[in-house]
Amino acid sequence: MAHHRKKRDNVQYQAASIEQEAQAFWESQASFIAKPDPKREKFYCLAMFPYPSGKLHMGHVRNYTIADVIARFQRMLGKNVLQPMGWDAFGLPAENAAIKNNVPPAAWTAENIDYMRDQLKRLGFAYDWTREVTTCEPDYYRWEQWFFTRLFEKGLAYKKQAEVNWCETDNTVLANEQVVDGCCWRCDNPVERRNIDQWFIKITDYAEQLLNDINQLDGWPEQVKTMQRNWIGRSEGVELQFDVDGHGPLSVYTTRPDTLMGVTYVAVAGQHPLAQKAAESNPELKAFLNSIANTKMAEADLATAEKLGMATGHTAIHPITGREVPVWVANFVLMSYGSGAVMAVPGHDQRDWEFATKYGLDIEQVIQSCSDDDCDLSKAAYTTKGTLVNSGDYNGLSSAEAFEAIAAALEASGTGHKTVQYRLRDWGVSRQRYWGAPIPIINCEKCGAVSVPEKDLPVVLPTDVEFDGVGSPIKKMPEFYTTTCPCCGGPAERETDTFDTFMESSWYYARYASATNDQAMLDKDANYWLPVDQYVGGIEHAILHLLYARFFHKLLRDEGLVNSDEPFKRLLTQGMVLKDGAKMSKSKGNTVDPQALIDSYGADTVRLFSMFAAPPEQSLEWSDAGVDGAHRFLKRLWRMAFEHIEGSADTPEKPLTAKDVRRKLHETIAKVTDDYGRRQTFNTAIAAVMELCNELVRLDQSNATSREVMREGLSVAVRLLAPIVPHLCHSLWQALGYKSDIANEAWPEVDQAALIRDEIELVVQVNGKVRAKMSVGVDASKESIEQLALAQDNVQKFIADVTVRKIIVVPGRLVNIVAN
RNA sequence: GCCGGAGUGGUGAAAUUGGUAGACACGUCGGAUUCAAAAUCCGAUGCCCUUAAAAGCGUGCCGGUUCGAGUCCGGCCUCCGGUACCA
């Protein structure tokens, strides 16, 4: 009876106690605390840190499990692994929560961090918690403020006017997210665009490097590199001037100077000085400018808005022909792009064509197709390159030839020149919000903008504030903003804008390396750990965050703080977690709380399902039934191991030979190693171990050879799964009699001798359709394979009435008989 | 609008370099075990026709290249991510 109970206890998989035990072991051994060691190869594995929104969601679980699997795999390969964790703790949601729950943002954030840290610990992630960074703490943002003053002194940070969404009623700036259908989300009044002074960092100075260095990023997905290239948007074109009566030269940029002879009007942005000035004496134009100023400033809204325009009354002189063309204001021309003015060639640009068609402006053809393409300018613009017509001296030239000839003519007359332009704009880092790092600048009437001296840093954000959401509290706190000028000692005011939260997330990966240093932003350890070997995060960060972080790394390099060019060697962009085909959200009511699943199944089951349900880069459809299945597999593995240890396994009905199972075993090691390392497809790695287990249970363990293969198989399966289900494997490894810590155990190696086969199965096709299967020796000749294929009964049936034309033999795979 | 993806059984998916479509699971059905249930184990399971076998059809839609296409090319459709102040 006692024996019976003992066996039942062992055979029963108890996740909760196993997980507690393993986590206590890692804690007591300080297993995951990373120390620089120049003698060992390092591996820095990083998942994008979370915004502390309240509790973990499934996207976090997936993100952090993927990174943890990679970190644990690399540890077993013998690397010195660093895997840190921290909090992207500034941002808008804390302000919203503050209004809703009447809690100050700092307190709300701190509470969330405490709760979420516990959840991460419960999931068994192998983090070095001694390096935790929290971006809303002064010991973090002081270095960001210090670095900004360095950039300011180098001339890389500057102030200029830029547009924001403005709500007149609430007297406040709105984020794009806070504008719903062109209206304020809180008071529902229409939003307008307004220009205010803002701080910018000159990312455009680094545009060329950021573009060129994409070529170094061998470990990045091609799609992300393409998106970044397109975002930077390098183009070669011509900058030229139209002379405008009563205004002077008006500069425009075009990538199609070959179409210059087809210009029938010029369009400027509503904010353009020319338009603003013209409106002063033209009330109708002034009303129009006001009416187009109330669109949301998001690009998607501007691009899809109905095209609207009005003539300014000015005319521009064509720089080559001297022809006079009208100057219009158009809502699709943006002041922040290029010079805020464009030349319009409605014959060969679709947007210009639509505008011209709507307002009855001339459309002229100056490019003719080289082939037979349709070119009906009454239906659409012809945007393909071709041969010039109606272009005077340039008639007959190709677009490429005309590009050069026209550029040369403009250059000769001093009205234009070839130039390279980038779509990328400078990075606006000012936010008119409370919950962010204060911008360390003092505005003095005499001295202008002056950076806060290093000895006075950090500029600490007051956290004991009343927060009502209408304007930032520090803008109403003289005790915060009243100060003296560091230059002249006279009365001055602090900047009350705070930094864009992308600032904090642009360098946190580096700070982890020197997290506890309170004397410097970064130290020599940064160059030991950096660059990050593996970065894991959502595809939604493919452009902004990853571009800003790449930019910041180059700024850190040029300040002498790091010695590499790029921050992230290899990047894995994980897909979203869906439920019923839609993104999980509170409003749809389709959320799944990871905590409830951890409580009922354990962390290992949640980790296993997250990794099994889909490859990391695809979206993952959540399924409660699938979680159940993952749990069942763990129970099965557990029982299989204990039945082996106790010698209580039943004899299988159709046993497999030890040799065949051992070959499968070593094939599995090879496949899983490739899946973890090169392919990063953890779902197929798990499937391969499941297949192995399905074969292992069919070993007859009353036979010593098979029993030995079973033992080898279990020790391998447990190590192969250890990165994914570390608690269970920690426990089983000990139960199998091993004294070592599996987290640092060596990864299993493939025994090449075990992989050798005598025979392989080939498929026989007739005209590409499978008609038979046959087994041949591995070294069978092409001729013997052809003969054997033709002799198959079902093949004979299909070639009886036709002539065999050709036989294709694909070694190790198939034979295709072509007949007709 | 623009840029980047995705679409395969009832479901999640696999097929790695153009070579057996559906591995591995979930679900369903049938069986074993049980007084019974849960749990567990065994078997079947793309669709269609069929007692069965064989054949036929089948990777969002239309067309192309090839001995051979889920995979490559051209043209669509739908959904998703980003679009510079959500993070």
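As a basis for the values below, the full set of heavy atoms in this structure was taken, side chains included, without hydrogen atoms, waters or symmetry mates.
A:Glu354 comes within 4.0 angstrom of nothing in the nucleic acid, heavy atoms only. Within the 4.0 angstrom heavy-atom criterion, only backbone atoms of the sugar-phosphate kind lie near A:Arg636; the bases stay farther away. Using a 4.0 Å heavy-atom criterion, one finds that A:Leu424 contacts the bases of the nucleic acid, with or without backbone contacts as well. Residue A:Val770 is in sugar-phosphate contact alone, with no base atom involved, counting any heavy-atom pair closer than 4.0 Å across all strands shown. No engagement by A:Arg698 is indicated, since no non-hydrogen atom pair under 4.0 Å with the nucleic acid exists. Residue contacts for A:His545: at a heavy-atom cut-off of 4.0 Å it reaches no nucleic acid atom on any strand shown. If you check every strand for non-hydrogen atoms under 4.0 Å, A:Phe633 touches nothing. Nucleic acid contact for A:Thr681: none, since no nucleic acid atom lies under 4.0 Å from a heavy atom of the residue. When heavy atoms are screened at a 4.0 angstrom cut-off, A:Ala298 is found touching the sugar-phosphate backbone but no base atom. Residue A:Asn683 is classed as a sugar-phosphate contact, given heavy-atom separations below 4.0 Å to backbone atoms only. At a threshold of 4.0 angstrom between heavy atoms, the contacts of A:Lys769 are confined to the sugar-phosphate backbone, with no base atom among them. Heavy atoms of A:Pro615 sit under 4.0 angstrom from primed sugar atoms or phosphate atoms, though from no base atom.
Comparing B:A23, B:G12, B:G81 by their nearest atom to the side chain of A:Glu540 picks out B:G81. With distances taken from any side-chain atom of A:Met576 to the nucleotides B:C80, B:A13, B:A87, the minimum falls on B:C80. Candidate nucleotides B:A13, B:U20, B:A23 were compared by shortest atom distance to the side chain of A:Lys773, and B:U20 ranks first. Residue A:Arg679 has its side chain nearest to B:U16 when only B:A25, B:U16, B:G12 are considered. Comparing B:G12, B:A84, B:C24 by their nearest atom to the side chain of A:Glu691 picks out B:C24. The side chain of A:Phe502 has B:A87 as its nearest neighbour among B:A84, B:G12, B:A87. Proximity note for A:Glu299 (side chain, C-beta onward) versus B:A87, B:A23, B:U83: the nearest is B:U83.
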* Determine, stepwise, if the pair A:Arg698 / A:Glu653 fulfils salt bridge (Lys or Arg N to Asp or Glu O under 4.0 Å). => CA-CA 8 Å; A:Arg698 289 174 63 189; A:Glu653 275 176 43; over 6 Å; no
Pick out the pairs of N or O atoms, protein on one side and nucleotides 3-10 of chain B on the other, that lie under 3.5 Å.
unit_1, atom_1, unit_2, atom_2, d
B:C3, O3', A:Asn230, ND2, 2.8
B:C3, O2', A:Asn230, ND2, 3.0
B:G4, O2', A:Gln223, OE1, 3.0

Find every protein N or O atom lying less than 3.5 Å from an N or O atom of nucleotides 26-32 of chain B, and list the pairs.
unit_1, atom_1, unit_2, atom_2, d
B:C26, OP1, A:Arg632, NH1, 3.0

Polar pairs (N or O, both sides) under 3.5 Å between protein and nucleotides 67-78 of chain B?
unit_1, atom_1, unit_2, atom_2, d
B:C67, O2, A:Asn816, ND2, 2.6

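Judged as a salt bridge (charged side-chain N to carboxylate O under 4.0 Å, His left out), and not counting sequence neighbours, A:Glu540 has no contacts. Applying the salt bridge (charged side-chain N to carboxylate O under 4.0 Å, His left out) criterion to A:Lys307, with sequence neighbours excluded, gives A:Glu354. Residues passing the side-chain contact (heavy atoms from CB on, under 4.5 Å) test with A:Leu788, sequence neighbours excluded: A:Met774, A:Val776, A:Gln792. Among residues two or more places apart in sequence or in another chain, the side-chain contact (heavy atoms from CB on, under 4.5 Å) test is passed with A:Asn230 by A:Thr226. With sequence neighbours left out, A:Arg186 forms a side chain to side chain donor-acceptor pair (under 3.5 Å) with no residue at all.
Nucleotide B:C24 holds its P atom 18 Å from the CD1 atom of A:Ile724, rounded to whole Å. Following rounding to the nearest Å, A:Leu544 (CG) and B:G82 (P) show an atom-to-atom distance of 10 Å.
Each of A:Lys671 and A:Trp427 was assigned the nucleotide of RNA chain B with the nearest heavy atom; the assignment lying further toward the 5' end belongs to A:Lys671. Comparing A:Phe798 and A:Arg425 along RNA chain B, the residue whose closest nucleotide (by nearest heavy atom) sits nearer the 5' end is A:Phe798.
Judged by distance alone, with hydrogens and angles left aside, the side-chain atoms of A:Glu95 form no donor-acceptor pair with the main-chain N or O of A:Leu92 at under 3.5 Å. Put simply, the side chain of A:Arg431 never gets that close to the backbone of A:Gly436: no donor and acceptor are under 3.5 Å apart.
In this structure, A:Lys797 does not pair ionically with A:Asp793, as no charged nitrogen and carboxylate oxygen lie closer than 4.0 Å. Between A:Lys782 and A:Glu786, at least one side-chain N (NZ, or NE/NH1/NH2) sits under 4.0 Å from a carboxylate O, which counts as a salt bridge. With respect to A:Lys202 and A:Asp426, no salt bridge is recorded, no charged nitrogen being found less than 4.0 Å from a carboxylate O.
Between B:G60 and B:C77, the two C1' atoms lie 8 Å apart (nearest whole Å).
Screening A:Asn165, A:Val179, A:Val191 for a side-chain contact (heavy atoms from CB on, under 4.5 Å) with A:Met297, the sole residue that qualifies is A:Asn165.
For A:Thr684 and A:Asp675, the side-chain atoms include at least one donor-acceptor pair closer than 3.5 Å.
Regarding the sugar-base torsion, B:G5 falls in the anti class, its angle being beyond 90° of 0.
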Please list, one pair per line, the donor and acceptor atoms closer than 3.5 Å that link side chains of residues 806-814 of chain A to other protein atoms, with sequence neighbours excluded.
none

* Map every base of RNA chain B to its dot-bracket character, where paired means a Watson-Crick or G-U wobble contact with both distances under 3.5 Å and | marks a partner outside the strand. => (((((((..(((......[....)))((((((.......))))))((........))..(((((..]....))))))))))))....
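Residue pairs satisfying the side chain to side chain donor-acceptor pair (under 3.5 Å) criterion with at least one member in residues 604-614 of chain A, sequence neighbours excluded, are listed as follows: A:Asp68-A:Arg607, A:Asp604-A:His727, A:Thr605-A:His631. The stretch residues 670-694 of chain A participates, sequence neighbours left out, in these ring pair (Phe, Tyr, Trp, His ring centres under 6.0 Å) pairs: A:Phe73-A:Tyr676, A:Tyr676-A:Phe682, A:Tyr676-A:Trp747.
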